[in-house]
Amino acid sequence: MTEVKKSFPIKGMHCASCVRVTERALKKTLGVKDAVVNLASEKATVTYDADNCTPQQLAESIAKTGYTLELEEKTDTAIKEEKRKELRNLRNKVIVSLGLGCLILWGSFPGLIQTSPAFLQNFFVQFILAIPVQFWAGFAFYRATIPALKHRTANMDTLVALGTTVAFGYSAIVTLFPQFVKQAGIEPMPYFDVATIVIGLILLGRYFEAKAKGQTSEAIKKLIGLQAKTARIVRDGKEIDVPLDQVLVGDTVRVRPGEKIPVDGVILEGESSVDESMITGESIPSDKTKGDTVVGATMNKTGTFTYKATKVGGDSMLAQIVKLVQEAQGSKAPIQRLADIISSYFVPIVIMLAFVTFVIWYVFVGSLLLALLSTVAVLIIACPCAMGLATPTAIMVGTGKGATNGILIKDAASLETAHKINTIIFDKTGTLTNGKPEVTDVISVNKLKEDEMLRLSASIEKGSEHSLAEAIVKEAEKRKMNIESVTKFKAIAGHGVEGLVGKYQIFLGNRKLMEREKISLLSVNTEITRLENGGKTVMMLAVDGKLTGLIAVADTVKESAKEGIKALQRMGIETVMITGDNQRTANAIAQKVGITRILSEVLPDQKEAEVRKIQAEGKKVAMVGDGINDAPALAAADVGIAMGTGTDVAIEAADITLINKDLQSVAQAINLSKKTMRTIKMNLFWAFGYNIILIPVAMGILYPFFHILLSPIFASVAMASSSVSVVSNSLLLKRVKI
């Protein structure tokens, strides 16, 4: 199966019912494995089998429901222009609708009618003024309703179309056939003001909603806007400026002070300080020199340098960040399922309630006018818009805020789960520490000289990717030693390495390796203990089955580690350190950062099991790591958090990636989740509460006690306000501190 995951814009959606209808249509399409429709971003993310399904078939499925799935990818400029055009059209319709509606209201509303010109009081004039509002400004409601009814579905547009058509239709009959109305014993009084003002106010609400929704995706717009437009590359000894999309992997790029770095790469010559705050959230510039990596869209501050382009286009870090944020914003949080389930039944129930309202007022009270007005009020006030926007708008703002602070959240489910975390497990090397250990001690325990011992150790470790091995090799290179080739090399997970260096059989590793090879450590136990109590990792070197010496390596603790742990502990979250180091070394590091629960001497393949053990205690567990061997544990945790400086495998396995090196971002990610969830719950409370309270009021529940009936005009104001308030509440997330 050729599985493809792709996002498509969908036009015409306005409420949670629209989402439900389009999502169901996509899922029923042959070859579609999964489909998630997001109201806030107006996009569908579809996973489908490309052998059995095509984008054209997806578009046809959506077209049957009355909506439009766009297949053609548009440029950012085209999308911006389309949004501007949409807002301009909405604004024009609002001005015309409310302008004509206010004229009709002036000529028909008691109290105002005495001040209006005589021609506005004429029913035919009101009829003519109402026609463009009903059938031009309100055409979008009919355009969505008619196909929906054909396929036995209904949405918010259905409610508005029914409500305004009832008001307009009754008024038209009163105007054109007043004698029939009089014969029925009813005063011929039209309600064109209701139909026109309602349409105008709903369109006004959509206008404000569209403007507010545009602000929810500002984070992505800012990220995309950070890219440089051109790059200065060196070809054939000449420097030329080329568009960004013409830079190739392997090109040599020159960057001068004050310029943006165009693409990702590795510095070849020169040094500078680079402002990387756009991806790390760290305001202090980072010093860069030969061999260091630079990231596209960051700002070069002081020096000039040349570098080799390693990642361009869609492979660059910025492109990956944008893609990750877009996918997160398009995903659906588990809490949204409640709104989806309710919205699937909501519109049909409202139509039934409107029918019941009409029957009660007409049959039992005997008032056709009150029956019509109450029915219209029920149809208008019932708003699944707010329910549909409650979760996705908050998710979009939350994930966007995280991205601008160096916290990349993979999907909405991860953001929701993070606020429940009560235990966080930290890998030691590369997570709590800088992951760049250095050799501190080389101790010989027999006649072999220390330099020769280091040379043999570096030779055997040359084939290892472990950070401790890298420290030994670097130390040997610093001393300009001749590193030999190795034969029969073997890495023993959680133990060390073995192989042949020249004529020597070499074993280099920890206590477990020495125990396995039955090599006694009695003569050096005191020395090992002293080094380990100092927070150093000790490796034992054995040559031809005999202990030859000790090499101690120390890794420095990250500056942010202690404050990061303290921040989590203040939040009541338990912190745990997991490491392959022995208990004494682990204790020394844990003491420096303030962690009391330590899991030491854990082999790489045992980390996942340790995560599951803590989960079995009833804890919600997050795992923070950076290495390939952390990937299973990251995947097993309720939330996996990868350091962005780590490997691609760890980042892929994680739910949240911290691009910066600051461990205080772990607490910030948890805090962001809590504040986003609080916003979502508040949005859902108001969305549901609004309907629970105001639908009975629109039906007339207060009339027997207080003689209060809800006007359809006020119903439309309340409906429009509910959607705008939900989006506005989500936008407040942009101001919170995490």
Side-chain angles (χ1 to χ4, degrees), residues 3 5-7 16 19-20 23 26-27 33-41 43-47 216-217 219-220 320-321 323-343 387-403 407-424 573 611-612 615 619-625 631-642 650-658 665-666 668-684 730 733 738:
E3 189 174 288
K5 185 177 182 180
K6 193 173 180 181
S7 291
V19 172
R20 186 78 173 178
E23 211 169 73
L26 288 169
K27 287 180 177 178
K33 185 178 180 183
D34 190 30
V36 177
V37 177
N38 187 300
L39 179 60
S41 64
K43 286 185 177 180
T45 303
V46 188
T47 305
T216 62
S217 58
I220 287 181
Q320 293 299 315
I321 290 172
K323 182 183 176 185
L324 195 62
V325 174
Q326 285 175 330
E327 288 180 353
Q329 292 186 340
S331 62
K332 188 170 290 190
I335 195 171
Q336 196 172 339
R337 291 173 191 154
L338 175 63
D340 288 347
I341 292 169
I342 292 175
S343 67
M387 285 187 282
L389 292 168
T391 301
T393 51
I395 293 294
M396 287 182 74
V397 176
T399 52
K401 186 172 182 65
I407 302 167
L408 295 184
I409 299 159
K410 185 175 284 187
D411 53 36
S414 304
L415 184 62
E416 179 177 335
T417 305
H419 84 286
K420 302 174 186 175
I421 295 299
N422 51 32
T423 303
I424 298 183
I573 296 173
V611 169
R612 297 197 184 280
Q615 286 173 325
K619 304 284 183 67
K620 283 284 183 182
V621 178
M623 170 75 190
V624 186
L634 289 168
D638 295 288
V639 175
I641 303 175
I651 294 171
E652 185 64 30
D655 302 301
I656 297 174
T657 301
L658 307 179
S665 295
V666 178
Q668 290 177 342
I670 304 294
N671 200 28
L672 177 62
S673 171
K674 288 184 176 182
K675 290 184 175 179
T676 303
M677 288 307 301
R678 185 177 65 190
T679 299
I680 288 173
K681 289 174 181 176
M682 193 183 301
N683 285 349
L684 288 173
S730 296
L733 265 174
I738 57 173

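One is the number of the first residue; the rest follow in order along the sequence. Quick note: numbers below take in every heavy atom, side chains included, and nothing from hydrogens, waters or symmetry partners.
Residues passing the side chain to side chain donor-acceptor pair (under 3.5 Å) test with E416: none are found, sequence neighbours excluded. Shown here are the side chain to side chain donor-acceptor pair (under 3.5 Å) partners of T417, two or more places apart in sequence or in another chain: there are none. The salt bridge (Lys or Arg N to Asp or Glu O under 4.0 Å) test applied to K675 returns no partner, not counting sequence neighbours. With sequence neighbours excluded, the residues forming a side chain to side chain contact (heavy atoms under 4.5 Å, CB included) with A394 are T676, T679, I680, N683, S730, L733, listed by chain and number. By the salt bridge (Lys or Arg N to Asp or Glu O under 4.0 Å) test, R612 is found to be paired with E608, residues two or more places apart in sequence or in another chain being considered. For S414, the side chain to side chain contact (heavy atoms under 4.5 Å, CB included) test picks out I409, D411, D655, with sequence neighbours left out.
E23 approaches V37 most closely through the heavy-atom pair OE2-N, 2.9 Å. Residue I395 comes nearest to L415 through the heavy atom pair CD1-CD2, 3.8 Å, listed as atom of the first residue, atom of the second, then distance. For the pair L672 and G398, the tightest heavy-atom approach, listed with the atom from each and the gap, is CD2-O, 3.4 Å. In plain terms, the two heavy atoms of D34 and V36 that are nearest each other are OD2-CG2, 4.0 Å.
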Fill in: CA sep, side-chain torsions, deciding dist, call: L658, I656, side chain to side chain contact (heavy atoms under 4.5 Å, CB included)
CA-CA 7 Å; L658 307 179; I656 297 174; 4.2 Å; yes

Worksheet item: Taking it one step at a time, do Q668 and I407 satisfy side chain to side chain contact (heavy atoms under 4.5 Å, CB included)?
Response: CA-CA 8 Å; Q668 290 177 342; I407 302 167; 3.9 Å; yes

Item to complete: Output, in order, the C-alpha distance, side-chain angles, deciding distance and verdict of side chain to side chain contact (heavy atoms under 4.5 Å, CB included) for I335 and M677.
Response: CA-CA 9 Å; I335 195 171; M677 288 307 301; 3.8 Å; yes

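Using a 4.5 Å heavy-atom cutoff, the side chains of T45 and N38 are not in contact. At a threshold of 4.5 Å between non-hydrogen side-chain atoms, the residues K5 and V46 do not count as touching.
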